[in-house]
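The structure appears below as structure tokens.
For ligands, and for the atoms within them, numbers begin at 1 and follow the listed sequence. All values below were derived from every heavy atom in this structure, side-chain atoms included, with hydrogens, water molecules and symmetry-related copies excluded.
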Amino acid sequence: MKRVLVYLTVWLCVLSIVSSVSAAERIKIGFIVKQPDESWFQDEWKYSDQAARQFGFDVIKIGGTDGEKVLNGIDNLAIQGARGFIICTPDVKLGPAIAAKARANRLKLMSVDDRFIGPKGAVMEDVHHVGISASNIGSLAGRTIVNEAKARGWNLKNVGFLRMSFDSLPTIKERTDGATAALLAAGLPKARIFDSPMKTLDVEGSFNAANITITKHPDITLWIVVGGNDNSVLGAIRALEGHRFRADSAIGVGINGTEAVAEFQKKNKTAFIATILLNARQHGYDTAKSMFLWIRDGKEPPKITWTAGTVMTRKNYKSLMGLK
Ligand code: GLA
């Protein structure tokens, strides 16, 4: 009996040592996003969790809505034993401060969506980044509008272009610039561009900016709308509805896809006719997996990855989103 007890005790000790070693070895990474309430970022988190489950690591998620939250968040990650993090920063100009904090805490760093800007205004090319090919995707949004306008027999010379801009964020500026270039190439006169600068990159910011422009131009009878993401277009569509512009007198095309599904599920068509669906899985799953492999195996990810988009409409959204 005594022998059995001794064996058992020894075994329990071995087991507890093994399990504490493997717990200590379980890799943790951070995933900080600027707008945790936006579906796009919730999707990135969801996909990062999928990678974590598959590869056996943990993701600590932080809503980094301002500089202070981000910098404190990075310190907290280090305290919790994380070895690296992925971030979509609330302000690209925080890049140098974020990189310095990561270095001080010996954390590997990768940016997603919004690329860091250095002190001299140039992108920080030494920080690993995954972002969308913004100009091409903007151009695709513009061309999607042109096709719809043509199908409706609209003359681009007669429309007003609600350009929902947020120029302080380069990826968003590249998107709206790409769309504008495509519209101009298709015959939209420069004088029909009505820039509507958004104070905040959300539905409310878009609604307010669009309202000002629509009110200023009561002579316009047909509107087309482009913005840097779905929310930038959705707010404008709601503002247009408030001014009695509905599905037959306005055309809007978003970017992201995540916020568009609810719009497509509405029984009655709205003027939000399409969106450019981005690959949230690549931005969430692939980044988390790359960060994990970088920490575990020393496998450095590519310095830069540009991701693509697909036109999504009421017709194809179910198959593209895997819905029934
Ligand atoms: C920016 C936008 C998001 C989303 C991502 C995609 O961060 O704010 O809505 O479009 O880019 O990279």
Side-chain angles (χ1 to χ4, degrees), residues 31-48 61-66 70 86-95 98 110-117 123-124 127-142 144 164-179 197-206 209 225-236 252-263 272 274-288 290 304-312:
F31 205 127
I32 306 178
V33 301
K34 63 175 180 180
Q35 284 170 300
D37 52 346
E38 192 182 284
S39 308
W40 171 258
F41 296 106
Q42 287 164 13
D43 275 4
E44 284 186 339
W45 275 348
K46 180 183 84 191
Y47 287 119
S48 73
K61 301 177 199 73
I62 297 176
T65 45
D66 60 38
V70 165
I86 297 148
I87 181 165
C88 177
T89 173
D91 180 352
V92 285
K93 292 200 193 92
L94 283 171
I98 295 169
M110 192 188 288
S111 58
V112 71
D113 301 317
D114 301 355
R115 205 173 183 195
F116 293 173
I117 301 287
V123 290
M124 290 174 65
V127 176
H128 297 71
H129 180 71
V130 175
I132 71 163
S133 29
S135 177
N136 292 338
I137 283 168
S139 168
L140 186 54
T144 306
M164 307 311 303
S165 59
F166 193 75
D167 288 353
S168 57
L169 183 53
T171 179
I172 296 290
K173 184 172 187 305
E174 282 170 34
R175 299 174 199 187
T176 40
D177 282 354
M198 294 164 50
K199 289 206 177 87
T200 50
L201 191 58
D202 52 21
V203 176
E204 197 188 341
S206 163
V225 192
V226 161
N229 59 14
D230 286 342
N231 285 343
S232 310
V233 175
L234 279 175
V253 172
I255 293 175
N256 275 6
T258 41
E259 313 280 344
V261 171
E263 198 67 11
F272 191 100
T275 183
I276 311 302
L277 174 67
L278 307 181
N279 196 329
R281 191 171 194 275
Q282 245 180 316
H283 287 235
Y285 181 98
D286 290 10
T287 49
S290 301
I304 185 81
T305 305
W306 298 121
T307 63
T310 315
V311 178
M312 183 166 86

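Between Trp40 and Asp230, every side-chain heavy-atom pair lies at or beyond the 4.5 Å cut-off. Within the 4.5 Å cutoff, the side chain of Ser48 has no heavy atoms near those of the Ile86 side chain. Proximity of Val123 to His129: side-chain heavy atoms (C-beta onward) are nowhere separated by under 4.5 Å.
Donor-acceptor pairing under 3.5 Å is recorded for the side chains of Ser232 and Asn229. Counting only N and O atoms by type, the side chains of Glu174 and Ser135 include no donor and acceptor under 3.5 Å apart.
Short contacts between ligand 1 and Leu201, defined as distances under 4.0 Å to a heavy atom of the residue, involve ligand atoms 8 (O). With ligand atoms numbered from 1 in the order given, ligand 1 contributes 12 (O) to contacts under 4.0 Å with heavy atoms of Ile132.
Below 3.5 Å of separation, one finds an N or O of Lys34 facing an N or O of ligand 1.
With values rounded to the nearest 0.5 angstrom, Phe166 atom CZ is found 12.0 Å from Thr171 atom OG1. Here the straight-line distance linking atom CD1 of Ile172 with atom CG of Asp114 works out to 7.0 Å at 0.5 Å rounding.
Of all protein heavy atoms, the one closest to atom 7 (O) of ligand 1 is Asp114 OD1, 2.7 Å. From the protein, the heavy atom lying nearest to atom 11 (O) of ligand 1 is Arg175 NH2, 2.8 Å. Closest protein heavy atom to atom 9 (O) of ligand 1: Glu38 OE2, 2.6 Å. In terms of protein heavy-atom proximity, atom 12 (O) of ligand 1 is nearest to Asp113 OD1, 2.6 Å.
With a heavy-atom cut-off of 4.0 Å, Glu44 does not touch ligand 1 at all.
With Ile255, Asp202, Asn256 as candidates, the residue nearest to atom 4 (C) of ligand 1 on a non-hydrogen basis is Asn256.
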